[in-house]
Student: 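Below are the structure tokens for one structure; questions will follow.
Counting starts at 1 for both ligands and their atoms, in listed order. As the structure is a computational prediction, the values presented were derived from the model and not from experiment.
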Amino acid sequence: MIRILVAYATMSGSTAEVAQVVGEEIAKSGYQVDVLPLSRVKGLEAYDGVVVGGPMIMGWHRAALRFLRQHRKVLQRMPWAAFVVAMSLTQTGETGVENALVTVDDKLPRPPQKEGRLNFRERYARLTNYLRPILQAARPARPASIGVFGGRLEYGRLKWWAVLFAMLIIQAPPGERRNWPAIRAWAAELPTLFGA
Ligand SMILES: Cc1cc2nc3c(=O)[nH]c(=O)nc-3n(C[C@H](O)[C@H](O)[C@H](O)COP(=O)(O)O)c2cc1C
């Protein structure tokens with residue numbers, strides 16, 4: 001039986017729930033799926049494909065980047081995908097980076113305040129700025145697909161410094177922005193992409 005690993009990093013739990021749903025969707029194709037936090041992944045040898053998920057936490061979650069760097073040799077030999085959970089994304093017209101297949105939740109991007117001139121925060125929250133470090137960390141392995149989805153921000157679950165960062169830099173209003181149909185639709189494509 002084909003075995004797929006969905007491994008995730010999280011700070012306050014919302015990415016874990018996204019990973020569960022991604023796993024559920026892949027399992028509908030008859031694959032055996034393990035959904036695990038990165039810290040519990042012993043190795044990738046037992047798997048035929050991998051999905052790595054992480055939130056944007058001042059850049060993609062460091063543990064997720066480290067995981068890609070650590071396993072890039074193995075990932076070169078198997079199909080894999082990545083997903084990003086975020087609260088802010090600037091609408092710039094960018095649709096991808098370095099020819100990677102990228103799917104963006106269309107409810108996430110926000111237009112810049114002034115057309116044609118991005119402020120610091122808007123430049124930071126560009127798609128290419130989010131995704132390039134992910135591709136770099138995995139190189140020469142290349143993902144079959146990258147999904148970018150809205151997340152959940154709840155100040156009550158965070159330490160004071162995280163609240164401060166979220167307020168000052170991301171300036172995204174707290175709340176639930178996970179778009180389950182978009183997440184499910186992306187995950188449902190993965191078995192075919194992996195098969196190919
Ligand atoms: C300290 C901190 C930094 C964050 N940095 C970003 C960011 O750079 N860009 C963004 O779009 N969202 C950012 N977010 C929002 C998170 O990506 C979002 O809340 C996500 O759903 C959190 O996932 P988790 O619940 O799995 O930790 C940040 C949130 C926190 C608390």
Side-chain angles (χ1 to χ4, degrees), residues 5-25 34-41 50-68 81-97 100 102-113 118-137 146-187:
L5 170 68
V6 181
Y8 62 88
T10 183
M11 188 178 196
S12 49
S14 65
T15 309
E17 290 165 4
V18 174
Q20 285 297 344
V21 165
V22 168
E24 256 174 56
E25 228 25 75
D34 291 344
V35 181
L36 292 174
L38 290 175
S39 55
R40 285 189 47 210
V41 177
V50 176
V51 182
V52 186
M56 290 301 298
I57 300 286
M58 304 178 249
W60 205 39
H61 197 295
R62 273 202 220 149
L65 286 173
R66 204 181 317 125
F67 183 88
L68 288 186
F83 70 84
V84 174
V85 174
M87 288 305 276
S88 81
L89 182 68
T90 310
Q91 198 170 64
T92 57
E94 297 167 319
T95 51
V97 52
V102 177
T103 302
V104 177
D105 166 358
D106 59 10
K107 292 207 167 80
L108 184 61
R110 290 271 182 270
Q113 279 167 357
L118 305 184
N119 62 31
F120 170 77
R121 185 189 58 77
E122 291 164 344
R123 237 178 303 134
Y124 165 76
R126 279 171 303 154
L127 187 69
T128 46
N129 203 36
Y130 281 1
L131 300 190
R132 199 163 276 134
I134 298 175
L135 293 169
Q136 256 161 19
I146 304 181
V148 182
F149 307 108
R152 181 193 62 202
L153 186 62
E154 282 179 47
Y155 290 150
R157 291 174 186 259
L158 298 171
K159 300 213 166 63
W160 67 268
W161 60 266
V163 173
L164 204 63
F165 181 87
M167 283 175 155
L168 293 178
I169 309 292
I170 313 169
Q171 293 179 10
E176 173 65 83
R177 294 199 58 196
R178 286 172 298 176
N179 177 351
W180 297 111
I183 292 163
R184 285 190 185 277
W186 177 75

Student: Look at atom 28 (C) of ligand 1 and say which protein heavy atom is nearest, naming residue and atom and giving the distance to 0.1 Å.
Tutor: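 Nearest neighbour among protein heavy atoms for atom 28 (C) of ligand 1, to 0.1 Å: Ile170 CD1, 3.1 Å.
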
Student: With a 4.5 Å limit on heavy-atom distance, are the side chains of Trp60 and Val52 in contact?
Tutor: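 Yes, close enough: below the 4.5 Å cut-off.
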
Student: Please confirm whether Tyr130 approaches ligand 1 to less than 4.0 Å, judged on its heavy atoms.
Tutor: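 Distance cut 4.0 Å: Tyr130 passes for ligand 1.
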
Student: Side-chain contact test, heavy atoms from C-beta onward, threshold under 4.5 Å: evaluate it for Leu131 versus Val84 and give yes or no.
Tutor: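 Counting from C-beta outward, Leu131 and Val84 do come under 4.5 Å.
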
Student: So which protein heavy atom does atom 3 (C) of ligand 1 come closest to, and at what separation?
Tutor: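 Checked against all protein heavy atoms, atom 3 (C) of ligand 1 sits closest to Phe165 CD2, 3.3 Å.
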
Student: Flag yes if more than 12 heavy atoms outside Glu176 fall under 6.0 Å of its CD atom; otherwise flag no.
Tutor: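 Buried by this count: over 12 neighbours within 6.0 Å.
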
Student: For atom 29 (C) of ligand 1, which candidate among Thr90, Val18, Ile57, Thr15 provides the closest heavy atom?
Tutor: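 The nearest heavy atom belongs to Ile57.
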
Student: Please could you name the atoms of ligand 1 that Ser12 approaches to less than 4.0 Å, counting only its heavy atoms?
Tutor: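 Those atoms are 24 (P), 25 (O), 27 (O).
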
Student: Specify side chain, backbone, both or neither for Val85, according to which of its non-hydrogen atoms lie closer than 4.0 Å to ligand 1.
Tutor: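 Answer for Val85: both.
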
Student: Are any of the N/O atoms in Trp161 less than 3.5 Å from those in ligand 1?
Tutor: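 By distance alone, the answer is no.
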
Student: Can you find an N/O atom of Gly13 closer than 3.5 Å to an N/O atom of ligand 1?
Tutor: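 Yes, since at least one N or O of Gly13 sits under 3.5 Å from an N or O of ligand 1.
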
Student: With a 4.5 Å limit on heavy-atom distance, are the side chains of Val41 and Asp34 in contact?
Tutor: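 Heavy-atom side-chain distance check fails, nothing below 4.5 Å.
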
Student: For atom 21 (O) of ligand 1, grab the closest protein heavy atom and report residue, atom and distance to one decimal in Å.
Tutor: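 I find the closest protein heavy atom is Ser14 OG, 2.8 Å.
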
Student: Report yes if the side chains of Leu108 and Arg177 come closer than 4.5 Å at any heavy-atom pair, otherwise no.
Tutor: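 A side-chain contact exists here, since the closest heavy-atom pair is under 4.5 Å.
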
Student: If we only count heavy atoms from C-beta on, is the Tyr155 to Met167 side-chain gap below 4.5 Å?
Tutor: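 Of all side-chain heavy-atom pairs linking Met167 with Tyr155, at least one is under 4.5 Å.
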
Student: For atom 8 (O) of ligand 1, what's the nearest protein heavy-atom neighbour? Residue, atom name and distance, please.
Tutor: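 Ranking protein heavy atoms by distance from atom 8 (O) of ligand 1, first comes Tyr124 OH, 2.4 Å.
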
Student: With only distance considered, is Met87 within less than 3.5 Å of ligand 1 through an N or O on each side?
Tutor: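 Yes, Met87 has an N/O under 3.5 Å of an N/O on ligand 1.
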
Student: With a 4.5 Å heavy-atom cut-off, do Tyr124 and Asn129 have their side chains touching?
Tutor: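 They are in side-chain contact.
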
Student: If we only count heavy atoms from C-beta on, is the Val21 to Arg184 side-chain gap below 4.5 Å?
Tutor: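 Result yes, sub-4.5 Å side-chain heavy-atom pair found.
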
Student: Report, in ascending order of atom number, the atoms of ligand 1 lying under 4.0 Å from any heavy atom of Leu158.
Tutor: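 Heavy-atom distances to Leu158 below 4.0 Å select 31 (C).
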
Student: Do me a favour and list the nearest non-hydrogen protein atom to atom 16 (C) of ligand 1 with residue, atom name and distance?
Tutor: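 Going atom by atom, the protein heavy atom closest to atom 16 (C) of ligand 1 ends up being Met56 O, 3.4 Å.
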
Student: According to the interplanar angle, ranging from 0 to 90°, do the rings of Trp186 and Phe83 count as parallel (below 30°), tilted (30 to 60°) or perpendicular (above 60°)?
Tutor: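 If you compare the ring of Trp186 with that of Phe83, the planes turn out perpendicular.
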
Student: With heavy-atom distances below 4.0 Å as the criterion, list the atoms of ligand 1 near Ser88.
Tutor: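 Atoms satisfying the 4.0 Å criterion: 10 (C), 11 (O).
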
Student: Looking at ligand 1, does any of its N/O atoms fall within less than 3.5 Å of an N/O of Met11?
Tutor: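 By distance alone, the answer is yes.
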
Student: For ligand 1, is there an N or O atom under 3.5 Å from any N or O atom of Ala166?
Tutor: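 In fact, backbone or side chain, Ala166 has no N or O that close.
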
Student: Starting from atom 19 (O) of ligand 1, find the nearest protein heavy-atom neighbour and note its residue, name and distance.
Tutor: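 Looking only at protein heavy atoms, the one closest to atom 19 (O) of ligand 1 is Arg152 O, 2.7 Å.
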
Student: Just jot down the ligand 1 atoms closer than 4.0 angstrom to any heavy atom of Gly151, in number order.
Tutor: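 Listed by number with element: 21 (O).
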
Student: Less than 4.5 Å apart, side chain to side chain, heavy atoms only: is that true for Ser12 and Leu158?
Tutor: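 Of all side-chain heavy-atom pairs linking Leu158 with Ser12, at least one is under 4.5 Å.
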
Student: Check this for me, if you would: do Glu122 and Arg110 make a salt bridge, where the nitrogen-to-carboxylate-oxygen distance has to be below 4.0 angstrom?
Tutor: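 Looking at Glu122 and Arg110, the cut-off is not met.
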
